[in-house]
Amino acid sequence: MKLKEIREENNITQSQIAEFLNIKQNTYSQYENEKRQLPIDVLIKLAKFYKVSTDYILGLED
């Protein structure tokens, strides 16, 4: 997944995106590090927030 790359390109902290998603920062960190599976609803919110496709976030397209 490209979560960390996208977040850093947008100069956003893990805490900021976690607050947007209404989750704990630690939970978001686990999504970035692929220690926890990213729920579909969170994936969709992130795609809309960053204005990219879900496939891009998942690393299925460039």
| note | Tightest non-hydrogen contact, residues I6 and N10, listed as O-ND2, 2.8 Å
| field | side-chain contact (heavy atoms from CB on, under 4.5 Å) assessment of L43 paired with L58 | value | CA-CA 9 Å; L43 174 62; L58 296 172; 3.9 Å; yes
| request: Could you walk me through whether L3 and I17 pass the side-chain contact (heavy atoms from CB on, under 4.5 Å) test, one step at a time? | output: CA-CA 11 Å; L3 289 179; I17 197 67; over 6 Å; no
| said: Would you compute the distance between atom OG1 of T27 and atom CG of L38 and round it to the nearest 0.5 angstrom? | reply: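 Spacing of OG1 (T27) from CG (L38) equals 11.5 Å.
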| Can you tell me if CG on D41 sees more than 12 non-hydrogen neighbours from other groups inside 6.0 Å? |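 Atom CG in D41 is packed in, count exceeds 12.
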| query | CD of Q16: more than 12 outside heavy atoms within 6.0 angstrom? | reply | yes
| What residues join I44 in its hydrophobic cluster, counting side-chain heavy atom gaps under 4.5 Å, either direct or through other members? |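 Hydrophobic cluster check, I44: joined to I40.
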| task | Please check if the side chain of E5 supplies one atom and the backbone of K2 the other of a donor-acceptor pair under 3.5 Å. | result | no
| Please, which pairs that meet side chain to side chain donor-acceptor pair (under 3.5 Å) have at least one residue in residues 31-40, sequence neighbours excluded? | R7-E32, Q14-E32, Y28-E32, S29-N33, Q30-R36
Listing, residues 48-57 side-chain donor-acceptor contacts under 3.5 Å, not counting sequence neighbours, or none:
{"unit_1": "S53", "atom_1": "OG", "unit_2": "Y56", "atom_2": "N", "d": "3.0"}
{"unit_1": "S53", "atom_1": "OG", "unit_2": "E61", "atom_2": "OE2", "d": "2.7"}

